[in-house]
Amino acid sequence: MKTAVEELSPTRVKLTVEVPFDELRPSMDAAYKKVAQQVRVPGFRPGKVPARIIEQRFGRAVVLEETLNDAVPKLYGQAVDEVDVFPVSQPDIEVTKIDDGEQIEFTAEVDIRPNFDVPDYAGVEITVDSAEVSDEDVDAQLDALRQRFATLTGVERAAANGDFVVMDLRAEIDGKNIEEQQASEVSYEVGAGSVLQGLDDALEGMSAGEEKSFKTELVGGENAGEEADVIINVKSVKEKVLPELDDEFAQLASEFDTLDELKTSIREQSRRNKLIDQVVQAREKALDALLDQIDIPLPESALKAEVDARKHNLDHQVAESGLSRDAFFRLYQTTEEERFAEFETNSARAIKVGFVLDKIVKSEELGVSEQELTNFVVRRAMEMGVQPNELAKHLADNDQLTLAMVEIVRDKAKSVLGDAAKVVDTEGNEVDLKAIYTEINGGEVVEEEAAASDSDADAEGKPEA
């Protein structure tokens with residue numbers, strides 16, 4: 001087999017592949033067997049029709065077509081390996097010549113990862129947040145814990161911001177009640193920011209037993225987008241009461257007997273979290289510094305596929321929310337145009353990140369052990385709330401184990417970047433990542449916690465499904 005490469009652009013090539021007919025023999029034998037199973041010829045059992053009879057009855061073209069359908073995708077894969085290109089899209093393949101018994105020729109146009117060099121990343125200077133835990137940090141954690149154990153107590157006064165009300169809601173358009181826009185015994189925190197514009201303003205100052213109406217745009221159902229009169233009937237008003245900060249609260253909210261023990265535990269966990277954040281920041285900022293030094297042309301097909309995937313996910317989220325598109329974007333304090341612009345920017349970065357990390361994976365000869373793959377599946381299963389064996393089976397059945405391994409080695413490449421950087425915190429103190437590994441995991445690189453924190457921050461650089 002002989003392959004020639006023509007560069008159509010920095011991100012697209014055309015392969016011209018010439019294949020001697022002898023190399024088609026395995027596919028041709030398979031084609032005869034397949035055709036023999038499909039045809040019925042008197043005097044022969046299914047699957048036992050000789051090749052010469054098949055050609056006489058149905059023509060050689062039938063066999064050649066089946067042969068090429070089987071052989072060309074395999075030959076394309078071999079050609080890609082031979083010329084060392086990295087496809088990022090499905091190829092446009094055309095069989096351009098068939099000399100029966102001699103050779104065939106086909107072309108394949110495909111978008112590829114462009115050629116680029118990765119600059120030296122050793123000693124890149126970056127700054128991360130300090131890992132110092134302040135009293136304010138501990139107080140904030142304690143306050144969050146108190147919020148979890150707060151109780152609601154009924155009050156004989158008008159509702160204020162932060163209070164909880166129980167109410168009935170209904171909507172009318174031109175005096176006609178909208179059946180699907182009714183709800184009873186709804187519990188709601190005043191000021192929480194309802195997608196129903198005007199609700200919070202209407203509730204403030206209302207007392208139990210009072211009724212009020214206000215005009216607003218409906219956000220769901222058949223009448224989404226239409227203006228309606230929404231009638232509120234407040235049943236009760238309750239205020240949130242936080243527990244006292246004392247030893248009794250410590251016993252209620254934790255396994256500790258005293259408030260001082262609880263504070264010590266919170267301080268230790270906060271430090272651990274801040275150390276992990278330093279690791280994550282070091283890796284991400286080292287990657288950002290590297291990306292700033294590289295200009296990479298992006299394949300249009302890959303960029304379009306990434307943007308389209310994000311738009312599809314957004315459509316699914318809107319549909320699942322039950323809200324109108326306007327209400328959905330209002331809930332997240334953005335617009336459709338702003339979200340689409342983010343998709344363009346983030347998609348371009350995600351593709352560039354993948355290209356760069358893959359280069360580092362190759363240059364550093366990074367791989368994935370069986371234990372690392374197991375740890376990945378277990379961690380991801382916990383995030384998804386499924387059993388690890390169920391997720392492992394799903395990945396295997398859908399040919400996604402390779403994608404999982406790509407994600408693992410890309411995270412390893414980020415670790416390489418972070419470890420190679422010169423890291424200081426905002427106070428000017430040098431940050432030794434290896435010392436952090438020792439403090440947290442006895443010397444092991446903080447992969448699992450950092451990877452989990454990393455995936456929470458964003459999904460960029462992940463392989464595309």
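Below, each value reflects all heavy atoms present in this structure, side chains not excepted, and no hydrogens, waters or symmetry copies.
Atom CG of L391 is separated from atom NZ of K393 by 12.0 Å, given to the nearest 0.5 angstrom. Atom-to-atom distance recorded for Q181:CD and D229:CG is 12.5 Å, nearest 0.5 angstrom. A distance of 10.0 Å separates CD1 of I173 from NZ of K215, quoted to the nearest 0.5 Å. If you take CD on E372 and CE on M405, they are separated by 11.5 Å, rounding to the nearest 0.5 Å. If you take CG on L417 and CG on L287, they are separated by 6.0 Å, rounding to the nearest 0.5 Å. Remark: I408 CD1 to L366 CG distance equals 12.0 Å, nearest 0.5 Å.
Within 6.0 Å of CE on M1 lie more than 12 heavy atoms contributed by other residues, nucleotides or ligands. Annotation: Q293, atom CD; neighbour count of heavy atoms from other residues, nucleotides and ligands within 6.0 Å is above 12. Within 6.0 Å of the CG atom in D295, the count of heavy atoms belonging to other residues, nucleotides or ligands does not exceed 12. Within a 6.0 Å sphere centred on CD of E185, heavy atoms belonging to other residues, nucleotides or ligands number more than 12. The neighbour count for D174 CG, taken as heavy atoms of other residues, nucleotides or ligands under 6.0 Å away, does not exceed 12. Within a 6.0 Å sphere centred on CD of E172, other residues, nucleotides and ligands contribute more than 12 heavy atoms. Applying the 6.0 Å contact sphere to OH of Y332 captures no more than 12 heavy atoms from other residues, nucleotides or ligands. The 12-atom threshold is exceeded at CD of E226, counting heavy atoms of other residues, nucleotides or ligands nearer than 6.0 Å.
Remark: R272 does not engage E268 in a salt bridge, criterion side-chain N to carboxylate O under 4.0 Å. Between R339 and E336, no side-chain nitrogen of the basic residue sits less than 4.0 Å from a carboxylate oxygen of the acidic one, so the salt-bridge criterion is not met. We find that D419 and K412 are not joined by a salt bridge, their nearest charged nitrogen and carboxylate oxygen being 4.0 Å or further apart. Using a cut-off of 4.0 Å between Lys/Arg side-chain N and Asp/Glu carboxylate O, R325 and D315 are scored as salt-bridged.
The side-chain heavy atoms of K414 and L357, taken from C-beta on, include a pair separated by under 4.5 Å. Counting only heavy atoms from C-beta outward, the side chains of V80 and V110 never approach each other to under 4.5 Å. Counting heavy atoms from C-beta on, the side chains of T216 and L199 never come closer than 4.5 Å. You'll find the side chain of Q278 reaches within 4.5 Å of the side chain of D425, heavy atoms only. Within the 4.5 Å cutoff, side-chain heavy atoms of V219 are placed close to those of R330. Counting only heavy atoms from C-beta outward, the side chains of V318 and L323 never approach each other to under 4.5 Å. Residues T11 and V88 form no side-chain contact, since every pair of their non-hydrogen atoms from C-beta on lies 4.5 Å or further apart. Counting heavy atoms from C-beta outward, K97 and D99 have side chains that approach closer than 4.5 Å.
Side chain of K359 to backbone of D117: no donor-acceptor contact under 3.5 angstrom is found. Listed for the E338 side chain is a donor-acceptor partner under 3.5 Å among the backbone atoms of T335. Side chain of D120 to main chain of A122: a donor-acceptor pair is present (N/O by atom type, distance under 3.5 Å, no hydrogens or angles). The backbone N or O of K434 lies less than 3.5 Å from a partner atom in the side chain of D432, making a donor-acceptor pair. For K311 (side chain) and F340 (main-chain N/O), no donor-acceptor pair under 3.5 Å exists by modelled atom type. Side chain of T345 to main chain of E342: no donor-acceptor pair is present (N/O by atom type, distance under 3.5 Å, no hydrogens or angles).
Counting only residues at least two apart or in different chains, side-chain hydrogen bond (donor to acceptor under 3.5 Å, both in side chains) contacts with residues 72-81 comprise D70-K74.
Nearest heavy-atom pair across R12 and D92 is NH2-OD2, 3.0 Å. Summarising the geometry of A71 relative to S27, their closest heavy-atom pair is CB-OG, 3.3 Å, with the distance given to 0.1 Å. Shortest non-hydrogen contact noted between P299 and I112 is CG-O, 3.3 Å. Of all heavy-atom pairs between G193 and D200, the closest is N-OD2, 3.2 Å. The minimum heavy-atom distance linking A350 with E306 is given by the pair CB-OE2, 4.4 Å. Of all the heavy atoms in P388 and V377, the pair that sits closest is O-CG1, 3.5 Å.
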Take V124 and L290, measure what side-chain contact (heavy atoms from CB on, under 4.5 Å) needs, and give me the verdict at the end. CA-CA 8 Å; V124 173; L290 189 61; over 6 Å; no
V118/F116 under side-chain contact (heavy atoms from CB on, under 4.5 Å): CA gap, chis, key distance, verdict: CA-CA 7 Å; V118 176; F116 64 93; 3.9 Å; yes
Take I351 and L303, measure what side-chain contact (heavy atoms from CB on, under 4.5 Å) needs, and give me the verdict at the end. CA-CA 7 Å; I351 294 169; L303 183 58; 4.1 Å; yes
Apply side-chain contact (heavy atoms from CB on, under 4.5 Å) to residues R271 and E439 and explain how you reach the verdict. CA-CA 11 Å; R271 173 171 170 76; E439 179 172 343; 3.0 Å; yes
Between D111 and S301, is the side chain to side chain donor-acceptor pair (under 3.5 Å) condition met? List the steps. CA-CA 7 Å; D111 285 343; S301 61; 2.3 Å; yes
Go through the steps to decide whether E383 and R380 satisfy the test salt bridge (Lys or Arg N to Asp or Glu O under 4.0 Å), and finish with yes or no. CA-CA 5 Å; E383 294 170 358; R380 188 55 54 87; 3.0 Å; yes
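Taking the salt bridge (charged side-chain N to carboxylate O under 4.0 Å, His left out) definition, one finds that K304 meets it with D308, sequence neighbours left out.
Defined by atom type and a distance below 3.5 Å, a donor-acceptor pair is present between the side-chain atoms of Q281 and D129. No hydrogens or angles considered: a donor-acceptor pair under 3.5 Å links the side chains of E105 and T96. When only modelled atom types and interatomic distance are considered, D137 and Q141 share no side-chain donor-acceptor pair under 3.5 Å. Of the N and O atoms on the side chains of Q317 and N313, not one donor lies less than 3.5 Å from an acceptor on the other residue.
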